[in-house]
Amino acid sequence: MAVLLIRTILIYVLLILVMRLSGKRQIGELQLSELVTTFLLSELASYPLTDPAIPFLHAAVPIFTIVCLEIILSFLATKSAFMKKLLDGKPSIIIRRGALDQKEMLKMRLSLEDLLCVIRLNGIAAISDVDYAILEQNGQISVFPKEQKREVTLSDLSLTGKNSGLAHAIIADGKIIDENLKNAKKTKTWLEQTLQKKKITDVRDIFLMTVDDGGDIAIIRKEKKE
């Protein structure tokens, strides 16, 4: 009994350490690769707990191996657009500028009832009040209401305003995101001309550049390494 108690404590501490090492987020925020890693870790940890004949190292070594692999893949995903897309996929726009994309819903196997539920949970009464709804890589749906339907709305003040829509990240960590550039209905020629006006000669100097549907541009430059 004492041996089982000690093994349980050791595995518990080990899992806490490796989860902290891998930088795990809440379950609802896990990417697909992180979710698979979590399931594997729980399975590997359970074997030596239920069977005292299994050596402790038979759980410890695979656990550390899987966590190290997850850290390496996560790092590669931050440096390679191909690896990012391969491991995490890409966001799917379900509602774009108020128009529901039924083909994308079918492709993502998202039912209308589920979409309506998410919209209601975001405090929005009808699909017609939604400007954008995006199925993110972690399975959650981001909902952006139309400008006139947001809290403290312009309509309440009897004012009209510019509907800026969604801010598209067209450059991230020095790399151009072609998919988002297309979603923003912009071209690489436009991008080059815009950067020239901003006196930016190398996209690698940009940490983040966004453009919204209203044409407003925001640029964050990379911090210089000391």
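Remember, predicted model here, so these are calculated numbers, not experimental data. The figures that follow rest on heavy atoms only: side chains count, while hydrogens, waters and symmetry mates do not.
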Could you list the residues that satisfy side chain to side chain contact (heavy atoms under 4.5 Å, CB included) with [X], not counting sequence neighbours?
{"X": "Glu104", "result": "Ser92, Ile94, Asp101, Lys107, Met108"}
{"X": "Glu192", "result": "none"}
{"X": "Arg204", "result": "Asp202"}

[atom1]/[X] to [atom2]/[Y] distance, rounded to the nearest 0.5 angstrom?
{"X": "Asn183", "Y": "Lys185", "atom1": "CG", "atom2": "NZ", "value": "9.5 Å"}
{"X": "Leu135", "Y": "Leu110", "atom1": "CG", "atom2": "CG", "value": "6.5 Å"}
{"X": "Thr194", "Y": "Lys198", "atom1": "OG1", "atom2": "NZ", "value": "8.0 Å"}

Side chain to side chain donor-acceptor pair (under 3.5 Å) partners for [X], two or more places apart:
{"X": "Asp114", "value": "Ser111"}
{"X": "Lys186", "value": "none"}
{"X": "Ser142", "value": "Glu136"}

Those residues that, when tested against Asp178, pass salt bridge (charged side-chain N to carboxylate O under 4.0 Å, His left out) (two or more places apart):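 If we apply the salt bridge (charged side-chain N to carboxylate O under 4.0 Å, His left out) test to Asp178, skipping adjacent residues, the hits are Lys188.
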
Report yes if some heavy atom in the side chain of Leu208 is under 4.5 Å from a heavy atom in the side chain of Thr210; otherwise report no.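 SC-SC contact between Leu208 and Thr210 confirmed.
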
Is any side-chain heavy atom of Ile124 closer than 4.5 Å to one of Pro145?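 Pro145 vs Ile124: side chains touch.
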
Hydrophobic clusters join Ile, Leu, Val, Met, Phe, Trp and Tyr when side-chain heavy atoms are under 4.5 Å apart, directly or via other members; which others share one with Ile177?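 Answer for Ile177: none, a lone residue.
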
Clusters formed by hydrophobic residues whose side-chain heavy atoms approach within less than 4.5 Å: which one holds Leu181, and what are its other members?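 Answer for Leu181: Ile170, Ile171, Ile176, Trp190, Leu191, Leu195, Ile200, Val203, Ile206, Met209, Val211, Ile217, Ile219.
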
Leu115 vs Met105, side-chain contact (heavy atoms from CB on, under 4.5 Å): CA-CA, chis, key distance, verdict: CA-CA 9 Å; Leu115 179 60; Met105 285 185 63; 4.0 Å; yes

Any Lys/Arg nitrogen of Asp173 or Lys222 sitting under 4.0 Å from an Asp/Glu carboxylate oxygen of the other?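 So Asp173 pairs with Lys222 through a salt bridge.
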
Checking side-chain contact (heavy atoms from CB on, under 4.5 Å) for the pair Leu166/Tyr132: CA distance, chi angles, key distance, verdict? CA-CA 7 Å; Leu166 181 68; Tyr132 273 92; 3.6 Å; yes

